Engineer: 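To start, I am sharing the structure in question, which I have written as structure tokens.
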Amino acid sequence: MSKKHPIISVVGSSGAGTSTVKNTFDQIFRREGIKAVSIEGDAFHRFNRADMKAELENRYRAGDQGFSHFSFEANELGELERVFRDYGETGKGKTRHYVHDDIEAERYGTAPGHFTDWADFEGGSDLLFYEGLHGCVVNDAVDLAGLADLKIGVVPVINLEWIQKIHRDRAQRGYSTEAVTDVILRRMHSYVNCIVPQFSQTDINFQRVPVVDTSNPFIARWIPTPDESLVVIRFKNPRGIDFPYLTSMISGSWMSRANSIVIPGNKQDLAMQLILTPLIERLVREAKRA
Ligand SMILES: Nc1ncnc2c1ncn2[C@@H]1O[C@H](COP(=O)(O)OP(=O)(O)OP(=O)(O)O)[C@@H](O)[C@H]1O
Ligand SMILES: O=C(CO)[C@H](O)[C@H](O)COP(=O)(O)O
């Protein structure tokens with residue numbers, strides 16, 4: 001926790017929608033006049049694309065079939081922890097970008113599959129915003145959840161997550177369905193061991209659930225739309241959450257448990273703004289007081 005320089009950590013698997021959710025956070029920051037600096041989890045991969053391929057082949061030959069981008073060892077989590085800690089203490093830090101495709105290559109002037117150089121955060125920010133795979137990891141080596149002040153999980157049910165990943169990786173990153181399926185299978189071990197435990201560390205999870213048939217995600221022709229889904233919102237600590245206010249403001253919503261509400265999928269943006277704005281505003285207010 002770093003009250004003076006707060007950190008928001010949004011975690012989700014590959015294709016879960018953390019980059020999409022960042023747009024909602026950006027709207028809140030803009031409306032509330034909050035200056036945020038952002039980091040992407042992929043910036044903390046340990047290897048560029050070619051080195052990762054070589055590392056995978058070496059490990060595969062040595063009998064390790066569980067290694068993938070989801071594994072702790074494939075990422076510089078110690079470095080990420082240092083960035084979280086330094087930002088919490090000083091409001092300063094650095095990041096870089098992992099370039100996935102031609103559009104990002106154009107934007108950053110670096111070829112796909114490579115990292116940009118590290119660059120310092122702009123000064124005078126109100127908070128640090130992280131989105132990616134590992135921002136709430138707690139293991140023998142790091143405690144990232146312990147350094148973040150607001151922790152959000154973006155967790156579609158798994159069939160939907162796969163559909164989202166397959167469609168995004170095909171449309172934007174140039175992979176075939178077979179190649180993405182292969183990656184999903186290879187990552188399953190570390191999905192269970194490295195990604196999923198984080199959703200018990202998060203303060204709020206947003207779980208999108210399709211209400212159309214997704215029983216074969218590998219042949220789905222399009223991503224179920226917001227109108228074709230519900231979102232389950234689960235609060236780790238429901239104390240202080242005004243559920244009657246939320247369910248009255250979000251039409252079609254209801255409480256499914258004492259700490260959970262369900263909303264129509266097309267109300268996710270509204271729900272996030274209603275829920276997150278006061279929490280973010282409080283973080284920034286307390287930081288200024290500190
Ligand atoms: N609520 C949503 N409704 C419809 N489509 C969505 C929703 N959220 C995400 N998607 C779609 O799912 C795909 C993956 O989303 P996104 O790129 O945000 O994932 P990500 O978690 O950032 O993945 P990665 O970490 O691998 O970059 C995109 O095509 C996006 O448009
Ligand atoms: O989105 C991802 C993880 O969040 C990518 O799978 C990862 O960044 C590696 O990309 P690539 O295999 O295309 O080099």
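Along the sequence shown, residues carry numbers from 1. Just the heavy atoms: all of them, side chains too, but no hydrogens, waters or symmetry mates, feed the values below. Counting starts at 1 for both ligands and their atoms, in listed order. No experiment lies behind these values; they were computed from the predicted model shown.
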Engineer: For residues 261-269, which side-chain N or O atoms pair as donor and acceptor with protein atoms under 3.5 Å away, sequence neighbours left out?
Structural biologist:
| unit_1 | atom_1 | unit_2 | atom_2 | d |
| --- | --- | --- | --- | --- |
| Asn266 | ND2 | Asp227 | OD1 | 2.6 |
| Asp269 | OD1 | Thr24 | OG1 | 2.7 |
| Asp269 | OD2 | Gln273 | NE2 | 3.2 |

Engineer: Quick one: are Phe67 and Leu56 in side-chain contact, heavy atoms under 4.5 Å?
Structural biologist: yes

Engineer: Is there a side-chain contact between Phe25 and Ile280, using heavy atoms and a 4.5 Å cut-off?
Structural biologist: yes

Engineer: Please tabulate, one line per pair, the protein nitrogen or oxygen atoms found under 3.5 angstrom from a nitrogen or oxygen of ligand 2, with distances to 0.1 Å, or say none if there are no such pairs.
Structural biologist:
| unit_1 | atom_1 | unit_2 | atom_2 | d |
| --- | --- | --- | --- | --- |
| ligand 2 | 1 (O) | Ser14 | OG | 3.3 |
| ligand 2 | 1 (O) | Arg173 | NH1 | 2.8 |
| ligand 2 | 4 (O) | Asp42 | OD1 | 3.0 |
| ligand 2 | 4 (O) | Asp42 | OD2 | 3.4 |
| ligand 2 | 6 (O) | Arg187 | NH2 | 2.7 |
| ligand 2 | 8 (O) | Asp42 | OD2 | 3.2 |
| ligand 2 | 8 (O) | His45 | NE2 | 2.7 |
| ligand 2 | 8 (O) | His100 | NE2 | 2.9 |
| ligand 2 | 13 (O) | Arg49 | NH2 | 3.2 |
| ligand 2 | 13 (O) | Tyr175 | OH | 2.5 |
| ligand 2 | 14 (O) | Arg49 | NE | 2.7 |
| ligand 2 | 14 (O) | Arg49 | NH2 | 3.3 |
| ligand 2 | 14 (O) | Tyr98 | OH | 2.4 |

Engineer: Keeping Arg234 on the side-chain end and Gln207 on the backbone end, is there a donor-acceptor pair under 3.5 Å?
Structural biologist: no

Engineer: Every pair of nitrogen or oxygen atoms between ligand 1 and the protein that is under 3.5 angstrom apart - can you list them with their distances to 0.1 Å?
Structural biologist:
| unit_1 | atom_1 | unit_2 | atom_2 | d |
| --- | --- | --- | --- | --- |
| ligand 1 | 1 (N) | Arg208 | NE | 3.3 |
| ligand 1 | 3 (N) | Arg208 | NH2 | 3.2 |
| ligand 1 | 12 (O) | Gln164 | NE2 | 3.4 |
| ligand 1 | 17 (O) | Arg168 | NH1 | 3.2 |
| ligand 1 | 18 (O) | Ser19 | N | 3.3 |
| ligand 1 | 18 (O) | Thr20 | N | 2.9 |
| ligand 1 | 18 (O) | Thr20 | OG1 | 2.6 |
| ligand 1 | 19 (O) | Gly17 | N | 3.2 |
| ligand 1 | 21 (O) | Ala16 | N | 3.3 |
| ligand 1 | 21 (O) | Gly17 | N | 2.8 |
| ligand 1 | 21 (O) | Thr18 | N | 2.9 |
| ligand 1 | 21 (O) | Thr18 | OG1 | 3.1 |
| ligand 1 | 22 (O) | Thr18 | OG1 | 3.3 |
| ligand 1 | 22 (O) | Ser19 | N | 2.9 |
| ligand 1 | 22 (O) | Ser19 | OG | 2.4 |
| ligand 1 | 23 (O) | Gly15 | N | 2.9 |
| ligand 1 | 23 (O) | Arg168 | NH1 | 3.1 |
| ligand 1 | 26 (O) | Ser14 | OG | 2.7 |
| ligand 1 | 26 (O) | Gly15 | N | 3.4 |
| ligand 1 | 26 (O) | Arg168 | NH1 | 3.4 |
| ligand 1 | 26 (O) | Arg168 | NH2 | 2.8 |
| ligand 1 | 27 (O) | Arg168 | NH1 | 3.1 |
| ligand 1 | 27 (O) | Arg173 | NH2 | 3.3 |

Engineer: Which donor-acceptor pairs under 3.5 Å do side chains of residues 237-244 form with protein atoms, sequence neighbours excluded?
Structural biologist:
| unit_1 | atom_1 | unit_2 | atom_2 | d |
| --- | --- | --- | --- | --- |
| Asn237 | OD1 | Arg239 | N | 3.1 |
| Asp242 | OD1 | Tyr245 | N | 3.2 |

Engineer: Determine whether the side chains of Tyr60 and Glu55 contain a donor N or O and an acceptor N or O closer than 3.5 Å.
Structural biologist: no

Engineer: I'd like to check Ser14 versus His69 (side-chain heavy atoms, cut-off strictly below 4.5 Å). Are they in contact?
Structural biologist: no

Engineer: Applying the ring-ring contact (aromatic ring centres under 6.0 Å, His included) test to Phe44, which of Tyr130, Phe115, Trp118, Tyr98 qualifies?
Structural biologist: Trp118

Engineer: Taking Thr225 for the side chain and Glu228 for the main chain, is one N or O donor matched with an acceptor at less than 3.5 Å?
Structural biologist: yes

